[in-house]
Amino acid sequence: MVFGDCTCESEDTEHNKEAALKYKLGSIASILVAGAVGVSLPLLGKKIPTLRPENDIFFMIKAFAAGVILATGFIHILPDAFDNLTSPCLKENPWGKFPFTGFVAMLSAIGTLMVDSLATGYYQRSNIKSNQVTVHELEMGDHVHGHAADHVHGHTHATQSHAHGSEELMSSELIRHRVISQVLELGILVHSVIIGISLGASQSPETIKPLMVALSFHQFFEGMGLGGCISQAKFKSRSAAIMAAFFSLTTPVGIAIGIGISTVYNESSPTALIVEGTFNAAAAGILIYMALVDLLAADFMNPRLQSNLRIQLGAYISLLLGTGCMSVIAKWA
């Protein structure tokens with residue numbers, strides 16, 4: 001009965017393509033501006049003291065953005081993946097006999113964990129080797145000092161060792177922030193391209209309008225979360241600008257690709273459903289992992305937040321507001 005009711009055919013002729021194109025172009029502009037502004041605000045922390053990572057308000061802004069990312073994965077992307085991979089337009093065997101959506105999302109989260117761990121381990125090992133070289137050079141330099149300066153040298157060496165330990169700790173934290181920001185951007189890029197192509201290929205103005213508003217809101221706060229990670233990672237200005245530009249342009253580029261293939265793209269075809277569903281499930285797994293593990297757990301386990309009840313409550317409220325706002329938007333898009 002279900003398979004008989006599903007035509008699985010494109011219904012482009014029933015929609016106003018001209019009106020749809022106008023909304024698509026408007027979506028490119030609004031999403032580009034929202035993403036650029038969102039990701040740039042935390043990077044302006046050097047000029048705007050309130051947005052600096054060391055300020056209390058930063059925890060709340062980041063918690064709100066993490067809530068938006070978490071709700072995007074659970075409420076927006078994962079249900080779409082379920083719809084794609086359980087569509088009656090797909091063959092019952094194997095798509096109707098195995099929960100591929102949850103399976104792909106699970107593998108994606110595990111894969112993200114592995115990349116996260118491997119990247120962190122690699123950078124830390126590189127950092128340790130670099131520090132060992134530095135210590136060796138200092139010890140070699142020590143031999144040129146005269147015996148008359150032994151007491152002064154001992155005091156200086158102890159001071160250098162203490163400073164070295166402090167620098168190593170700071171470097172370890174910096175490496176962690178850099179890995180988080182890079183893996184987070186990877187997950188964002190994957191789902192942004194898929195969402196952009198889906199919006200660009202759609203020929204229904206009724207579908208595009210609410211999606212444009214939802215994506216603009218999402219892009220702004222997701223950008224703030226990514227910008228906060230980039231700011232904490234202390235990348236050079238050029239690297240930070242490149243990462244911000246990639247984030248801002250990905251969804252608009254996806255929409256442009258969708259517009260280009262809209263004449264031949266059939267979103268109800270089995271191939272399109274499988275590809276889109278698989279990528280959506282993978283993106284959902286990445287975003288859910290990053291939001292819970294790298295953004296929320298990292299900040300909520302921070303001794304500075306745990307020692308201050310006011311900041312803790314503020315972060316909880318911000319998190320709930322972020323997830324709530326993005327969840328409400330799911331009613332329309």
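These numbers come from the heavy atoms of this one structure, side chains and all, not from hydrogens, waters or symmetry mates. Keep in mind that this is a model prediction, so the values were computed, not measured.
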Is [Y] reachable from [X] through a run of hydrophobic residues whose side-chain heavy atoms are each under 4.5 Å from the next?
{"X": "L118", "Y": "Y122", "answer": "no"}
{"X": "L321", "Y": "I329", "answer": "yes"}
{"X": "V253", "Y": "V193", "answer": "yes"}
{"X": "L295", "Y": "M243", "answer": "yes"}
{"X": "V68", "Y": "L320", "answer": "no"}

Check: [Y] main-chain N/O paired with [X] side-chain donor or acceptor under 3.5 Å:
{"X": "S181", "Y": "I230", "result": "no"}
{"X": "R178", "Y": "K234", "result": "yes"}
{"X": "S87", "Y": "N84", "result": "no"}
{"X": "S30", "Y": "S27", "result": "yes"}
{"X": "K62", "Y": "G225", "result": "no"}
{"X": "S40", "Y": "V37", "result": "no"}
{"X": "T278", "Y": "I274", "result": "yes"}
{"X": "H177", "Y": "S231", "result": "no"}
{"X": "S216", "Y": "M212", "result": "yes"}

Which atoms form the tightest heavy-atom contact between [X] and [Y], and what is the distance?
{"X": "M60", "Y": "S318", "result": "O-CB, 3.2 Å"}
{"X": "A282", "Y": "V104", "result": "N-CG1, 3.7 Å"}
{"X": "A36", "Y": "S248", "result": "CA-OG, 3.3 Å"}
{"X": "A81", "Y": "N280", "result": "CB-CB, 3.7 Å"}
{"X": "A119", "Y": "V179", "result": "CB-CG1, 3.9 Å"}
{"X": "I28", "Y": "A256", "result": "CD1-N, 4.4 Å"}

Parallel, tilted or perpendicular, as decided by the 30° and 60° cut-offs, for the rings of F217 and F64 |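 Geometry flag for F217 against F64: perpendicular rings.
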
Please state whether the rings of F98 and F103 are parallel, tilted or perpendicular, taking 30° and 60° as the class boundaries.
-> perpendicular

Within the 4.5 Å heavy-atom criterion, are [X] and [Y] side-chain neighbours or not?
{"X": "M290", "Y": "L287", "result": "no"}
{"X": "Q219", "Y": "F247", "result": "yes"}
{"X": "F220", "Y": "V39", "result": "no"}
{"X": "W95", "Y": "P270", "result": "no"}
{"X": "I197", "Y": "I261", "result": "yes"}
{"X": "L296", "Y": "L319", "result": "yes"}
{"X": "I61", "Y": "I57", "result": "yes"}
{"X": "L249", "Y": "L32", "result": "yes"}

What about F300 and Y316, are their ring centers closer than 6.0 Å?
-> yes

Could you verify whether a donor N or O on one side chain and an acceptor N or O on the other, from Y289 and D116, lie under 3.5 Å apart?
->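 Judged by distance alone, the side chains do pair up.
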
Answer with yes or no whether the side chains of E222 and T72 bring together a donor and an acceptor at under 3.5 Å.
->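 No, no side-chain donor-acceptor pair sits under 3.5 Å.
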
Take atom CZ of F279 as the centre, draw a 6.0 Å sphere, and report whether it contains more than 12 heavy atoms from other residues, nucleotides or ligands.
-> no

CZ (F246) with more than 12 external heavy atoms under 6.0 Å | no

Kindly indicate, with the supporting measurements, whether the criterion side chain to side chain contact (heavy atoms under 4.5 Å, CB included) is fulfilled by I180 and Q232.
-> CA-CA 10 Å; I180 288 173; Q232 287 181 309; over 6 Å; no

Worked check of side chain to side chain contact (heavy atoms under 4.5 Å, CB included) between L85 and L273 = CA-CA 7 Å; L85 297 181; L273 288 169; over 6 Å; no

Distance check, rounded to the nearest 0.5 Å: [X] atom [atom1] versus [Y] atom [atom2]?
{"X": "D80", "Y": "E276", "atom1": "CG", "atom2": "CD", "answer": "7.5 Å"}
{"X": "S327", "Y": "H76", "atom1": "OG", "atom2": "NE2", "answer": "6.5 Å"}
{"X": "F74", "Y": "M326", "atom1": "CZ", "atom2": "CE", "answer": "14.5 Å"}
{"X": "L107", "Y": "T112", "atom1": "CG", "atom2": "OG1", "answer": "10.5 Å"}
{"X": "T250", "Y": "L189", "atom1": "OG1", "atom2": "CG", "answer": "4.0 Å"}
{"X": "I286", "Y": "L186", "atom1": "CD1", "atom2": "CG", "answer": "5.5 Å"}

Could you walk me through whether K24 and I208 pass the side chain to side chain contact (heavy atoms under 4.5 Å, CB included) check?
-> CA-CA 7 Å; K24 291 174 190 178; I208 296 172; 3.8 Å; yes

Please walk me through it: do E18 and L21 pass side chain to side chain contact (heavy atoms under 4.5 Å, CB included)?
-> CA-CA 5 Å; E18 187 177 344; L21 180 60; 5.9 Å; no

